[in-house]
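Below is one structure, written out as structure tokens, with a few remarks after it.
In this text the structure is predicted, and so the values were computed from the model without any measurement.
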Amino acid sequence: MRSEVLQFVRFATFRRMFNAAKVWASYNVARISKRPVHWGKPIAVSIEPTTACNLGCPECPSGLKKFSRPTGNLKGDLNKKIIDQLLPELQYVTFYFQGEPFINPDFLEMVEYASSKKIYTATSTNAHFITDDVARKTVESGLNRLIISIDGVTQDVYQQYRVHGKLDKVIAGTKNILKWKKELNSNWPNVVFQFLVAKPNEHQIQGVIELGKELGVDDVWFKTVQVYDYENGNPLIPTQEKYSRYKKLASGKYVLKNKMINQCWRMWQSCVFTWDGGVVPCCFDKDGTHRFGDISDQNFSQIWKGEGYKNFRRAVLRGRDQIEICKNCSEGAKVWT
């Protein structure tokens with residue numbers, strides 16, 4: 001993890017640090033004044049390689065094939081356009097929103113392009129497509145962080161959330177990456193096991209820590225699960241409150257543990273690009289309900305400073321509880337434990 005922090009700091013140019021300072025200052029002015037003031041460009045963005053996925057996870061619109069927006073793959077020229085328009089301020093790109101990134105055949109070329117611009121890159125994967133050859137190319141791409149979803153240490157538990165998934169493929173993909181890091185004498189990517197804690201798998205928390213040590217991954221992270229219908233309880237909500245985003249009231253109803261405060265750092269420091277060029281506010285807008293523009297035929301600065309974005313930021317400052325995508329948001333909550 002220390003080497004990962006050093007790499008991120010190494011990419012922190014004066015221009016990027018100055019932009020981050022402007023964003024932070026304008027966010028605090030906006031938070032206090034309740035006006036959508038914004039003085040900088042995004043520090044970090046998420047770029048969606050694809051909406052396609054091979055799994056059928058129960059709380060994921062991609063896996064359930066319940067998107068109202070079309071399925072498709074990001075094209076390489078559009079990826080370059082996004083990155084070029086946000087340079088030189090952009091410091092961090094997460095190549096993930098919905099879908100499984102490695103399904104896009106051009107995915108690693110996109111990572112390589114961002115890496116060539118000294119941008120810190122990360123992605124999240126179910127690891128089913130990381131063959132030996134793909135693992136080598138992944139290490140060579142310059143990817144800085146690879147988050148591998150592994151929600152169980154036995155097949156029967158793993159598949160309860162990762163429907164249609166094969167645990168042996170996840171482990172094989174992990175081994176391939178670690179092998180090529182060693183073969184190429186590379187510190188990258190930093191390999192993280194992500195364990196989404198839910199009721200069916202919470203008894204295997206210690207087991208995934210031990211598996212991570214056995215394989216040699218760099219870290220194991222525990223993430224709280226988001227569920228859509230939580231008010232009356234949900235079979236995925238873990239019994240250990242430490243690992244839950246929700247708490248049970250005396251009435252038997254469930255509520256979010258975090259307070260619904262009228263501010264959101266995401267709206268100032270980042271945004272999300274869908275595979276077809278749409279600009280949406282954050283990862284909670286999975287269906288792209290709030291599409292502020294399209295970078296395919298618009299300049300990003302016009303979108304970022306436009307009336308649509310400005311009005312949305314104003315709405316956040318005045319009442320997040322009135323915005324549908326904010327009602328199950330983790331802003332202010334501890335997502336990673």
Side-chain angles (χ1 to χ4, degrees), residues 1 4 46 53-64 94-102 122-130 135 138 143-178 181 189-228 230 234-247 256-258 283-284 286 328 330 333-337:
M1 185 58 73
E4 190 178 23
S46 293
C53 188
N54 56 307
L55 302 187
C57 304
E59 295 294 313
C60 175
S62 180
L64 293 173
T94 299
F95 281 100
Y96 176 75
F97 177 27
Q98 298 299 298
E100 166 51 47
F102 283 91
T123 194
S124 181
T125 178
N126 61 46
H128 280 59
F129 299 95
I130 305 180
T138 299
L143 182 71
N144 295 108
R145 178 186 291 167
L146 180 68
I147 298 174
I148 295 175
S149 296
I150 182 166
D151 304 328
V153 296
T154 56
Q155 176 63 27
D156 62 320
V157 171
Y158 171 78
Q159 68 186 2
Q160 288 186 59
Y161 190 83
R162 299 290 165 180
V163 178
H164 310 312
K166 302 295 182 184
L167 181 61
D168 58 347
K169 287 191 174 183
V170 180
I171 293 173
T174 302
K175 287 180 176 179
N176 287 336
I177 289 288
L178 296 173
K181 280 182 65 176
N190 191 265
V191 180
V192 177
F193 267 175
Q194 175 188 282
F195 192 89
L196 198 62
V197 183
K199 191 173 182 178
N201 69 7
E202 60 183 323
H203 64 289
Q204 293 191 342
I205 287 173
Q206 185 59 38
V208 78
I209 293 173
E210 293 170 1
L211 179 61
K213 287 180 180 178
E214 178 188 331
L215 295 177
V217 301
D218 296 290
D219 212 345
V220 178
W221 294 354
F222 296 98
K223 188 176 182 181
T224 57
V225 66
Q226 177 194 7
V227 297
Y228 287 100
Y230 61 84
N234 187 295
L236 289 174
I237 297 176
T239 59
Q240 301 176 61
E241 192 171 310
K242 173 186 177 181
Y243 297 106
S244 178
R245 296 187 191 186
Y246 314 95
K247 64 180 179 181
L256 282 170
K257 286 163 69 172
N258 57 305
C283 60
F284 282 87
K286 295 176 173 62
N328 198 4
S330 60
K334 190 176 181 182
V335 173
W336 303 95
T337 57

Open item on the list: Which residues pass the ring pair (Phe, Tyr, Trp, His ring centres under 6.0 Å) test with Tyr158, not counting sequence neighbours?
Closed with: none
Open item on the list: According to salt bridge (charged side-chain N to carboxylate O under 4.0 Å, His left out), does anything in residues 153-178 pair up with another residue at least two apart or in another chain? List the pairs.
Closed with: Asp151-Arg162
- [ ] Under the side-chain contact (heavy atoms from CB on, under 4.5 Å) rule, collect the residues that match up with Val208, sequence neighbours excluded.
- [x] Ile150, Val153, Phe193, Phe195, Val220, Phe222
Task: Nearest-0.5 Å distance that lies between atom OG1 in Thr224 and atom NZ in Lys242 - done: 12.5 Å
- [ ] Provide the closest heavy-atom pair for Ala135 versus Ile130 in the form atom of the first, atom of the second, distance.
- [x] CB-CG2, 3.8 Å
- [ ] Start with the C-alpha distance between Tyr230 and Leu256, add both sets of side-chain angles, then the distance that settles side chain to side chain contact (heavy atoms under 4.5 Å, CB included), and finish with yes or no.
- [x] CA-CA 9 Å; Tyr230 61 84; Leu256 282 170; 4.0 Å; yes
Open item on the list: Keeping Asp218 on the side-chain end and Val191 on the backbone end, is there a donor-acceptor pair under 3.5 Å?
Closed with: yes
Task: Expected output: side-chain Glu59 to main-chain Tyr228 donor-acceptor under 3.5 Å - done: yes
Task: Under the side-chain hydrogen bond (donor to acceptor under 3.5 Å, both in side chains) test, residues paired with Asn176 that sit two or more places apart - done: none
Task: Closest heavy-atom pair and its distance - Val163, Pro58 - done: CG2-CD, 4.3 Å
TODO: Mind checking ring pair (Phe, Tyr, Trp, His ring centres under 6.0 Å) for Tyr161 and listing every partner two or more places apart, or none if nothing turns up?
DONE: none
Task: Contact check, side chains of Leu196 and Cys57, non-hydrogen atoms, under 4.5 Å - done: no
- [ ] Go through Phe284 and Gln226 one step at a time and tell me if the side chain to side chain contact (heavy atoms under 4.5 Å, CB included) criterion holds.
- [x] CA-CA 10 Å; Phe284 282 87; Gln226 177 194 7; 3.7 Å; yes
- [ ] Begin with the C-alpha distance, continue with both residues' side-chain angles, and end with the deciding distance and a verdict on side chain to side chain contact (heavy atoms under 4.5 Å, CB included) for Leu55 and His128.
- [x] CA-CA 10 Å; Leu55 302 187; His128 280 59; 4.2 Å; yes
Task: Minimum heavy-atom distance between Pro101 and Phe95, given as atom pair plus value - done: CG-O, 3.6 Å
Open item on the list: Rounded to the nearest 0.5 Å, what separates atom CD1 in Ile147 from atom OG1 in Thr94?
Closed with: 7.5 Å
- [ ] Return yes if some donor-acceptor pair links the side-chain N/O of Tyr246 with the main-chain N/O of Val227 below 3.5 Å, else return no.
- [x] yes
Task: salt bridge (charged side-chain N to carboxylate O under 4.0 Å, His left out) contacts touching residues 197-211 (sequence neighbours left out) - done: none
- [ ] Determine the minimum heavy-atom distance between Pro189 and Lys181, stating which atoms define it.
- [x] O-NZ, 2.9 Å
- [ ] Go through the steps to decide whether Asn144 and Asn190 satisfy the test side chain to side chain contact (heavy atoms under 4.5 Å, CB included), and finish with yes or no.
- [x] CA-CA 6 Å; Asn144 295 108; Asn190 191 265; over 6 Å; no
Open item on the list: Donor-acceptor pair, distance only, cut-off 3.5 Å: does the side chain of Lys257 make one with the backbone of Ser244?
Closed with: yes
TODO: For Leu178 and Leu215, work out which heavy atoms get closest and say how close.
DONE: CD1-O, 3.2 Å
TODO: Determine the minimum heavy-atom distance between Asn54 and His164, stating which atoms define it.
DONE: O-CB, 4.1 Å
- [ ] Quick one: list whatever passes ring pair (Phe, Tyr, Trp, His ring centres under 6.0 Å) with Tyr96, sequence neighbours left out.
- [x] none
Open item on the list: For Thr125, give me all partners under side-chain hydrogen bond (donor to acceptor under 3.5 Å, both in side chains), at least two apart in sequence or on another chain.
Closed with: Glu100
